[in-house]
Amino acid sequence: MSKEITNRAADYAQWYNDLVLKGQLADYSAVRGCMVIKPYGFALWEKMRDTLDQMFKDTGHENAYFPLFIPKSFLSREAAHVEGFAKECAVVTHYRLKNDPDGNGIIVDPEARLEEELIVRPTSETIIWNTYKTWIQSYRDLPLLINQWANVVRWEMRTRLFLRTTEFLWQEGHTAHANAEEAIAETLQMLDIYADFAENYMALPVIKGVKTASERFAGAVDTYCIEALMQDGKALQAGTSHFLGQNFAKAFDVKFSDKENKLDYVWATSWGVSTRLVGALVMAHSDDDGLILPPKIAPVQVVIIPIYKGSEQKEILDAKGKELTERLKKAGIRVKFDSNDNNRPGWKFAQYELKGVPVRIAMGLRDLENQTVEVARRDTKEKTSLPLEGLPERIEQLLLDIQQQMYQKALDYRQLHITAADHWDEFVRLLDEKGGFIAAHWDGTAETEEVIKDKTKATIRCIPLNNPQEDGVCILSGKPSRERVLFARAY
RNA sequence: CGGGAUGUAGCGCAGCCCGGUAGCGCACUACGUUCGGGACGUAGGGGCCGCAGGUUCGAAUCCUGUCAUCCCGACCA
């Protein structure tokens, strides 16, 4: 049991904060709602970013970069879009400071007011579509497949480390297509990539689905999402992919000539995941001793800790440790040899458990005599003695096993927490006592959705793709329904 | 934006009611002993007590204001 971490069962929110802060992923900053991402946390994000970036490139996308600032007037070009984002925009009004004539430090120079205010981007559709107008003339310019890695700002009322910060890092893909079918195919392709990444790299099972009209992205025709389940039974949207129809093309007048030389507006998609994924990873897998990171995105996959008495033994183990480090590196394993003499082994064990390193190798003279090392896995805490001979291959296999078992564990939990409810009382009781996703019939109206949200704080997370059709009646209104949708309380 | 809390050493806190030499634990520095699950000893260094006014011979402590951060709600990825 950890000395430092709040018990998960006792206070889930505090447990989460402790993991992020004490696992050295991030820190609070001097700026309200903004966090400092520390090297270990950033390494984790880099791992996610690099993996996704390659997946995007493998499907034909290119990276570009658009301005941080957006002219205020751009935002209002698409009606639903401005409606959705207006309440949470940071606005730049001036471009200069000056010394306060009253001698109270420095003030905004009132003479330096901007003619048109600039919005710090909450998302980049508007600036990008304004640009695409000049890039697209013909069907030969399509499809246009662009991604941007950037920071965005959304002035939220309340923030939480990684899950919702005022400024966050993300990627946003913005594509333009010659017809709706192709744009929809792109939207779904990116949803698949997100799901693939979540499940096969983050070991995080997700449900692919489509949002209801009221949960849709501001300006989208359809919003698809991947929904994950956290260990407290709350859902977390881990990624979104939007089919934007011709909304932004019309708002920014982006037309192209087709093969028959007919003019038409282009069809659009946008899709994104953010540093929120780091929060999802923490909440999905960790325990009371700290983080548990899936091997595929753990910055350090294996840590080697030497155990020795006195400097003579230290020298021997340093040499052996370096040798083993090299062997593991050659096998493509991210390994750290911690020969730091300032901390004792027990302290290091606890520390690397806190940081979620998947595999720990401890080696002392006792092991060397037997030509073995002690191998401990973080997820199950299991320890075994393995021969040095052939160790890299064994570790490689072990990392794969851990990855697989972490996914399976999360999947089992998720499956156990999708519950069907056919009556209102049952629905409420499940939400309060069990949590997770509740599969229930819904009459398809925004009004009913709203009432359910007011009464229970549960929202429709999504209508799963390939959802089985089944006649039933709405959990609230009793009106007929053709399929169940997934409700949950969410982050 | 409502409710609650907190600002004192790098971190976590005590001291504040009842004004009088700024303390504890961890971390840090040096030396020594340790090292198979969060070591110990000895000696050290580190402070405008969030900020601004006021009361007082004297303010971390009392009063007024102000700023900031965190937590819980409503809003959202």
Side-chain angles (χ1 to χ4, degrees), chain A residues 1-6 11-14 16-18 21-22 24 27-35 84-89 104-105 122-123 152-172 194 211 214-218 223 225-228 235-242 270-280 289-290 305-314 317 339-354 360-369 372-374 376 381 383 385 453-454 457 459 461 490-491:
Chain A
M1 187 61 65
S2 170
K3 280 181 174 180
E4 310 186 344
I5 297 173
T6 303
D11 185 345
Y12 194 83
Q14 191 54 48
Y16 172 78
N17 281 339
D18 283 353
L21 296 169
K22 288 170 180 158
Q24 292 174 43
D27 236 333
Y28 294 110
S29 75
V31 184
R32 182 221 308 256
C34 295
M35 64 177 174
F85 285 104
K87 291 173 304 216
E88 51 189 43
C89 285
N104 296 322
T123 180
V152 289
V153 167
R154 295 183 189 175
W155 215 267
E156 303 284 357
M157 294 299 174
R158 197 159 113 57
T159 59
R160 294 196 62 189
L161 294 166
F162 285 111
L163 297 176
R164 179 169 301 106
T165 45
T166 301
E167 179 191 14
F168 57 94
L169 306 182
W170 79 345
Q171 59 69 216
E172 46 181 329
Y194 288 156
K211 288 287 189 188
S214 42
E215 297 279 330
R216 204 175 273 156
F217 174 75
T223 286
C225 62
I226 51 171
E227 291 285 330
L236 182 95
Q237 180 176 307
T240 50
S241 185
H242 315 291
S270 71
W271 27 274
V273 297
S274 72
T275 34
R276 171 178 252 205
L277 286 180
V278 177
D289 293 320
I305 297 173
I307 293 160
Y308 52 84
K309 301 179 194 197
S311 56
E312 269 173 47
Q313 289 192 9
K314 177 170 165 52
L317 282 154
S339 59
N340 189 332
D341 195 33
N342 295 333
N343 298 309
R344 297 161 79 250
W347 188 89
K348 292 178 185 175
F349 291 175
Q351 201 55 210
Y352 289 106
E353 275 164 15
L354 176 58
R360 179 187 73 227
I361 297 177
M363 53 194 287
L365 285 194
R366 194 207 288 166
D367 301 292
L368 292 183
E369 278 167 24
T372 61
V373 289
E374 182 195 79
K381 295 285 188 69
K383 289 189 227 181
S385 191
K453 187 179 175 186
D454 286 347
K457 290 180 188 163
T459 49
R461 301 317 302 159
Y491 279 96

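Predicted model, so just to flag it, every value in this text is computed and none were measured. Heavy-atom basis, side chains included; hydrogens, waters and symmetry copies ignored. Protein chains get the first letters and strands the later ones, always in sequence-line order, with residue 1 at the start of each.
- The separation of B/C13 from B/C72, taken at their C1' atoms, amounts to 23 Å, rounded to a whole angstrom.
- As rounded to the nearest Å, B/C48 and B/A60 have P atoms that lie 13 Å from one another.
- Across B/U61 and B/G15, the matching P atoms stand 15 Å from one another, rounded to whole Å.
- Remark: A/Asn342 engages A/Asn340 in a side-chain hydrogen bond (donor to acceptor under 3.5 Å, both in side chains) (not counting sequence neighbours).
- Taking atom C1' in both B/G38 and B/U42, the straight-line distance is 23 Å, to the nearest Å.
- Checked against ring-ring contact (aromatic ring centres under 6.0 Å, His included), A/Tyr28 has no partners two or more places apart in sequence or in another chain.
- Applying the 90° criterion around 0 to the glycosidic angle, B/C48 comes out syn.
- With sequence neighbours excluded, the residues satisfying side-chain hydrogen bond (donor to acceptor under 3.5 Å, both in side chains) with A/Tyr352 are A/Lys336, A/Asp338.
- When all heavy atoms of A/Thr166 and A/Cys34 are compared, the pair lying nearest together is CB-SG, 3.9 Å.
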| query | Which nucleotides of nucleotides 24-29 of chain B have their base under 4.0 Å from a protein heavy atom (B), which only their sugar-phosphate (S), and which neither (-), written as one string 5' to 3'? | reply | ------
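- A/Glu312 places its CD atom 16 Å from the C1' atom of B/U34, with the value rounded to the nearest Å.
- As judged by a 4.0 angstrom heavy-atom cut-off over every strand, A/Leu365 is placed among the base-contacting residues.
- Rounded to whole Å, atom P of B/G36 lies 11 Å from atom CD of A/Gln313.
- In this structure the side chain of A/Ile5 never reaches within 4.5 angstrom of the side chain of A/Asp289, judged on heavy atoms.
- Residues passing the side-chain hydrogen bond (donor to acceptor under 3.5 Å, both in side chains) test with A/Gln351, sequence neighbours excluded: none.
- One cannot find a donor-acceptor pair under 3.5 Å joining the base of B/G36 and the side-chain atoms of A/Lys383.
- With rounding to whole Å, A/Asn340 atom CG is found 13 Å from B/A39 atom P.
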| said: Does the protein touch nucleotides 71-77 of chain B at the base, only the backbone, or not at all? Give it as B, S and - per nucleotide, heavy atoms under 4.0 Å. | reply: SBBBBBB
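- Contacts of A/Glu353 with the nucleic acid, taken as non-hydrogen atoms under 4.0 Å apart, include base atoms.
- A 4.5 Å side-chain heavy-atom check between A/Ile307 and A/Met363 finds every atom pair outside the cut-off.
- Partners of A/Arg276 by salt bridge (Lys or Arg N to Asp or Glu O under 4.0 Å), not counting sequence neighbours: none found.
- Smallest separation of non-hydrogen atoms from A/Ala362 and A/Phe349: CB-CZ, 4.1 Å.
- Take A/Thr165 and apply the side chain to side chain contact (heavy atoms under 4.5 Å, CB included) test, not counting sequence neighbours, and it matches A/Met35, A/Phe168.
- In summary, the side chains of A/Ser270 and A/His242 do not present any donor paired with an acceptor at a separation below 3.5 Å, with no hydrogens or angles considered.
- Spacing between atom OH of A/Tyr352 and atom P of B/G37 amounts to 17 Å, rounded to whole angstrom units.
- A/Asp11 pairs by the salt bridge (Lys or Arg N to Asp or Glu O under 4.0 Å) definition with nothing, not counting sequence neighbours.
- Atom P of B/C62 sits at a distance of 5 Å from the matching atom of B/C17, rounded to the whole Å.
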| request: Apply salt bridge (charged side-chain N to carboxylate O under 4.0 Å, His left out) to the pair A/Glu227 and A/Lys211, showing each step before the final yes or no. | output: CA-CA 10 Å; A/Glu227 291 285 330; A/Lys211 288 287 189 188; 2.9 Å; yes
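- At whole-Å resolution of the value, CD in A/Glu374 and C1' in B/G37 are 10 Å apart.
- Contact annotation for A/Gly84: no contact, since no heavy-atom pair falls under 4.0 Å across all strands.
- Between the P atoms of B/U8 and B/C70, the separation comes to 15 Å (whole Å).
- A distance of about 9 Å separates the P atoms of B/G41 and B/C26, rounded to the whole Å.
- Taking a pair as Watson-Crick or G-U wobble with both distances under 3.5 Å, the runs of three or more consecutive pairs in RNA chain B are B:1-7 with B:67-73, B:10-13 with B:23-26, B:28-33 with B:39-44, B:50-54 with B:62-66.
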Table of protein N/O atoms under 3.5 Å from nucleotides 8-10 of chain B N/O atoms:
none

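- Across the C1' atoms, B/A59 and B/U64 are found 15 Å apart, a figure rounded to whole Å.
- Whole-Å rounding puts the A/Ile307 CD1 to B/G38 P distance at 11 Å.
- Between A/Arg360 and B/G37 there is no side-chain N or O to OP1 or OP2 distance below 4.0 Å.
- Distance A/Lys381 NZ to B/G36 P: 17 Å, rounded to the nearest Å.
- For A/Glu353, the salt bridge (Lys or Arg N to Asp or Glu O under 4.0 Å) partners two or more places apart in sequence, or in a different chain, are A/Arg360.
- A donor and an acceptor atom, one from each side chain of A/Arg461 and A/Thr459, are located under 3.5 Å apart.
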